[in-house]
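Below is one structure, written out as C-alpha cells; the observations come after it.
Remember, it's a predicted structure, so these values are computed and weren't measured experimentally.
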Amino acid sequence: MTDAAAPNDLRLFNSLTRSIEVFEPVHPGEARVYSCGPTVYNYQHIGNMRAYVFADTLGRTLQWKGYKLTHVVNITDVGHLTSDADEGEDKMERMAQREGKSAWDIAAFYQADFEADLARLNVQPKQHPRATEYVAAMIDWGKSIAEKHCYELESGLYFDVSTVADYGRLARAVTEDGEGRIESVAGKRNAADFAIWRKTPPGETRQMEWDSPWGRGAPGWHLECSVMGEALLGFPFDIHTGGIDHREIHHPNEIAQNQAFCCTNGLDDPRNSGAKIWMHNNFLVERSGKMSKSSGEFLRLQLLVDKGYHPLAYRLMCLQAHYRSELEFSWEGLGAALTRLKRMVMAVEALKARHAELVSASMDPQAPVVAEKWTLKQVQGDDWGKLQPMLGKFDMAMADDLNTAVALTALDDVLAAKKVDVAKKMALAQVMDAVLGLNLFGLTREALRIRPKSATITEAEITAALARRKDARAAKDFATSDAIRDELAAQGVEVMDGDPLGWEWKLG
Ligand code: AMP
Ligand code: ZN
C-alpha cells in the first residue's frame, strides 16, 4: 500500500493490521475520530495528557489534510473498575467514599479540571459525551447481543469472547504471545470474558445505578465506548485512539462487542471492528513513580505550572517525540523544551514586529494570512517563494504517521529563513503552528516566564534589583553588583549575564 501512495498521502499506523495504511475516509471529505477519554475520579496525570495531545495533533493533521473533523473524547463517569479486566471496585464510587462527596460531584469536578488542562495544552474543543448520559443506549445494546453472545452470573451479564471470530487480534498483534493482563472471575466461561453489566450485590446500593433486564446495577466500562462511538459517529468510523495499554484489554473488548452488535463477525469487514484504524500512543514514563495517582503529589499539569513551566512546553516536549515511542519524562527535558519554545516565541515576536513596521510604512500593505486559512489545499497553490521546500518538508513529515519531530524542524527552518518575504514567512509559520498547536502567535515572552509557586520575590522587586545591579556594574562597583546577584540567588533568582535569549533572569 505504502509503495503505491503519492508522497504526501496521509499514512497512519493501524494497530489492528500492524501496518502503515493510507488514510481513506469512510465518508468522503470527512474524518470521524473517537478517543478514549478519562475516568473522572481524580486529576489526570501528564501521561494521560500525552494521549490527548496526540489525539489533538491527529485531529489537526486531518483538518490540515482537508477533512471535516468530528472528534469525540468520552468522559467515563461510571463503570471503570480499579483493574481494566473487571476486578476490584468502581473507581468513581471509591473516590466518592474517600472524599465524602457524591459520585456525581466527583465526576463534575474532575471533568472540569480535565477540560481546563486540555485548554491549557491548546487542545481544540471536542465533543465530550458522558457515559451516564448513554445508559439507556447501553442497555439496548446489551439486549441486542445478550442472547447470542452473553451469559449471566450472579455478579452480572458477561460477554463470551469465544462467540466472536478473532478475539484479541489487536492485542495479539502487539504482544505476539496472545497473553494480556487478564484475571479470572469465578464462573466465567473464558478467562477473557468481561462484564457488559454489573449487578449491585444484594444488600448494597451504589450511588450510580440503573434498572436493567439483568438487575439493578451499572454498565461495564468497555460497553460505554462501543455505544458512544456508534451513537455519535456511526459504524464504521475512521479512527479510534487510546493509550497503548488499551490495546491489550479495553479495545479488544470493544471490538468483540462491535462484532456482536454488527452481527457479521469477521474482522475483515471494517464495520465489525467499529473503526477502520486503531491508533495508540506510547506511554510517558517517569522512573520515580510520580505518575501514579496513588502516590500523593503526582505529576499533573498544575505541578509543572507550580514549578514555573508553561503547559505548552509540555506539549512541545510531546511533539518532539514520535507518538509511538516511549517518552521519558525529566525536568531537564521539560526545561529544554521550554527554552526551545521561548526561542520560537521570540522569533515570532520579532517577525510580528517587523511585519507591523512594514505595514505601517506601507511598504507591504498586504495583510498576513490568518489562522482560519490553514489547510493544505488552501495554501498549496500560493507562491511561497524560497519557503516552498519548507512547506513540502512539513507536509511530508506530518503525512508520515505524524512525524512531529521533523515537522518542528520545518517550522524552525521557516522562522530562521533570511531574506524572504516577511508576510509569507509569517503566514507559513502561522499555518504550521495551527497544525502543531503550540499557539506561538498567541503567546508572549512574559507569559512563558511563570513565577514558581515557591517564589518569595515579585517580578517588580527583581526588575528593581537588576536595575540597581546594572548601575553598580556601570560604575565598576563589582562588590555591590555581586552582592545583589547573591541576594537574588538566595531568593531563587538566577541572573543570566550574557544570556543569548535575552532573558536576564530565571526563577528556578
Ligand atoms: P484513564 O483515565 O486511565 O482511562 O486514561 C486516559 C488515557 O491516558 C488513556 O488513553 C490511557 O491509555 C492513557 N494513558 C494512561 N497512562 C499513560 C501514560 N503514562 N502515558 C501516555 N498515555 C497514558
Ligand atoms: Zn474507551
Q: Just jot down the side chain to side chain donor-acceptor pair (under 3.5 Å) partners of Gln111, sequence neighbours excluded, or say none.
A: Glu115, Arg130
Q | Residues Thr404 and His322: side-chain donor-acceptor under 3.5 angstrom | A | no
Q) With side chains defined as the heavy atoms from C-beta onward, is the minimum distance between Thr76 and Val40 less than 4.5 Å? A) no
Q: Could you verify whether a donor N or O on one side chain and an acceptor N or O on the other, from Asp401 and Tyr323, lie under 3.5 Å apart?
A: yes
(Q) Could you work out, with side chain to side chain donor-acceptor pair (under 3.5 Å) as the rule, every residue matching Glu230, not counting sequence neighbours? (A) none
Q.
Return the CZ to CG distance between Phe194 and Asp160, rounded to the nearest 0.5 Å.
A. 10.0 Å
Q | Asn14 side chain to Trp278 backbone, donor-acceptor under 3.5 Å | A | yes
Q. Are any side-chain N or O atoms of Tyr314 and backbone N or O atoms of Ile46, one a donor and one an acceptor, separated by less than 3.5 Å?
A. yes
Q: Quickly, which of Thr163, Asn253, Leu153, Val161 forms a side-chain contact (heavy atoms from CB on, under 4.5 Å) with Asp193? Name it, please.
A: Val161
Q | Flag for Ser212-Trp197: side-chain donor and acceptor within less than 3.5 Å | A | yes
(Q) Testing the basics here: between Tyr151 and Gly187, what is the closest heavy-atom pair and its distance to 0.1 Å? (A) CE1-O, 4.0 Å
(Q) Going by the rule salt bridge (Lys or Arg N to Asp or Glu O under 4.0 Å), which residues pair with Asp113 if we only count those two or more places apart in sequence or in a different chain? (A) none
Q. Partners of Arg120 by salt bridge (Lys or Arg N to Asp or Glu O under 4.0 Å), sequence neighbours excluded?
A. Asp117
Q) Which pairs with one or both residues in residues 309-318 pass salt bridge (charged side-chain N to carboxylate O under 4.0 Å, His left out), sequence neighbours excluded? A) Asp56-Arg315
Q.
If you apply the rule salt bridge (Lys or Arg N to Asp or Glu O under 4.0 Å), what do you find for Arg287 with Glu328, and how did you get there?
A. CA-CA 8 Å; Arg287 287 208 187 126; Glu328 180 151 344; 3.3 Å; yes
Q: Report the C-alpha distance between Tyr34 and Phe237 in whole Å, list the side-chain angles of each, state the deciding distance to 0.1 Å, and finish with yes or no for side-chain contact (heavy atoms from CB on, under 4.5 Å).
A: CA-CA 8 Å; Tyr34 185 97; Phe237 54 87; 3.6 Å; yes
Q) Is there a donor-acceptor pair closer than 3.5 Å between any side-chain N or O of Asp433 and the backbone N or O of Leu440? A) yes
Q: Could you pull out all residues at least two apart from His250 that satisfy ring pair (Phe, Tyr, Trp, His ring centres under 6.0 Å)?
A: Trp221, His222, His246
Q: Could you tell me the separation between the CZ atom of Phe54 and the CE atom of Met49, rounded to the nearest 0.5 Å?
A: 14.5 Å
(Q) Donor-acceptor pair, distance only, cut-off 3.5 Å: does the side chain of Arg206 make one with the backbone of Ala218? (A) no
Q | Trp331 six-ring face occupied by Lys307 cation (under 6.0 Å, within 45°) | A | yes
Q) What residues, two or more places apart in sequence or in another chain, satisfy salt bridge (Lys or Arg N to Asp or Glu O under 4.0 Å) together with Glu461? A) none
**Q.** side-chain contact (heavy atoms from CB on, under 4.5 Å) evaluation trace for Trp214 with Arg198
**A.** CA-CA 8 Å; Trp214 318 286; Arg198 279 180 300 104; over 6 Å; no
Q: Just grab all the side chain to side chain donor-acceptor pair (under 3.5 Å) pairs involving residues 135-145, residues at least two apart or on different chains.
A: none
Q. Any sub-3.5 Å donor-acceptor pair from Glu494's side-chain atoms to Ala489's backbone N or O?
A. no
Q) Quick one: side chain to side chain donor-acceptor pair (under 3.5 Å) partners of Asp306, sequence neighbours excluded? A) Gln302
Q.
Could you work out, with ring pair (Phe, Tyr, Trp, His ring centres under 6.0 Å) as the rule, every residue matching Tyr67, not counting sequence neighbours?
A. Phe23
**Q.** Side-chain touch Ile145/Phe159, heavy atoms, less than 4.5 angstrom
**A.** yes
Q. Do Arg189 and Tyr158 meet the cation-pi criteria used here (NZ or CZ under 6.0 Å from the six-membered ring centre, within 45° of the axis)?
A. no
Q: Mind checking salt bridge (Lys or Arg N to Asp or Glu O under 4.0 Å) for Glu99 and listing every partner two or more places apart, or none if nothing turns up?
A: Lys101
Q) Are Glu209 and Thr200 close enough that a side-chain donor and a side-chain acceptor fall under 3.5 Å? A) yes
Q | Ile255 CD1 to Asp166 CG distance, which is reported to the nearest 0.5 Å | A | 9.5 Å
(Q) I want to check something: taking the side chain as every heavy atom from C-beta on, are Glu286 and Leu299 in contact at a cut-off of under 4.5 Å? (A) yes
Q: Using atom types as modelled and distance alone, determine if a side-chain donor or acceptor of Asp90 lies under 3.5 Å from a backbone N or O of Glu93.
A: yes
Q) Do Thr444 side-chain atoms and Ala447 backbone N/O form a donor-acceptor pair below 3.5 Å? A) yes
Q.
With heavy-atom distances below 4.5 Å as the criterion, would you say the side chains of Pro25 and Glu30 are in contact?
A. no
Q) Hey, is the main chain of Ala321 close enough, under 3.5 Å, to the side chain of Ser325 for a donor-acceptor pair? A) no
Q.
Could you report the tightest heavy-atom contact between Leu304 and Phe329, atom names first, then the distance?
A. CD1-CZ, 4.4 Å
Q) So which heavy atom on Arg445 is nearest to which on Val345, and how close? A) N-CG1, 3.9 Å
Q | Non-hydrogen atoms of Val164 and Ala260 that approach each other most closely | A | CG1-N, 4.2 Å
Q.
If you apply the rule side-chain contact (heavy atoms from CB on, under 4.5 Å), what do you find for Asn74 with Cys225, and how did you get there?
A. CA-CA 7 Å; Asn74 73 288; Cys225 285; 3.9 Å; yes
Q) So, does Ser226 use its side chain to make a donor-acceptor pair with the main chain of Glu254 at under 3.5 Å? A) yes
Q. Which atom names give the shortest non-hydrogen contact between Lys342 and Leu448, and what distance separates them?
A. CA-CD1, 3.8 Å
Q: Could you tell me whether the side chains of Gln257 and His149 share a donor-acceptor contact shorter than 3.5 Å?
A: no
Q | CZ on Arg324 to CG on Leu402, rounded to 0.5 Å | A | 9.5 Å
Q: State, yes or no, whether a side-chain contact exists between Val72 and Met228 at a heavy-atom distance under 4.5 Å.
A: no
Q. Is there a donor-acceptor pair closer than 3.5 Å between any side-chain N or O of Asn190 and the backbone N or O of Ala192?
A. no
Q. Going by heavy atoms in the side chains, are Leu443 and Leu312 under 4.5 Å from each other?
A. yes
Q: Decide yes or no on side-chain contact (heavy atoms from CB on, under 4.5 Å) for Asp238 and Leu62, but give the supporting numbers first.
A: CA-CA 11 Å; Asp238 295 294; Leu62 289 161; over 6 Å; no
(Q) Less than 4.5 Å apart, side chain to side chain, heavy atoms only: is that true for Thr70 and Leu233? (A) yes
Q: Not counting sequence neighbours, which residues clear side chain to side chain donor-acceptor pair (under 3.5 Å) with Asp77? List them please.
A: Thr132
Q: Using a 4.5 Å cut-off on heavy atoms from C-beta on, say whether the side chain of Tyr43 contacts that of Leu301.
A: no
Q: Search all heavy atoms of Thr241 against all heavy atoms of His251 and return the closest pair with its distance.
A: O-CE1, 3.9 Å
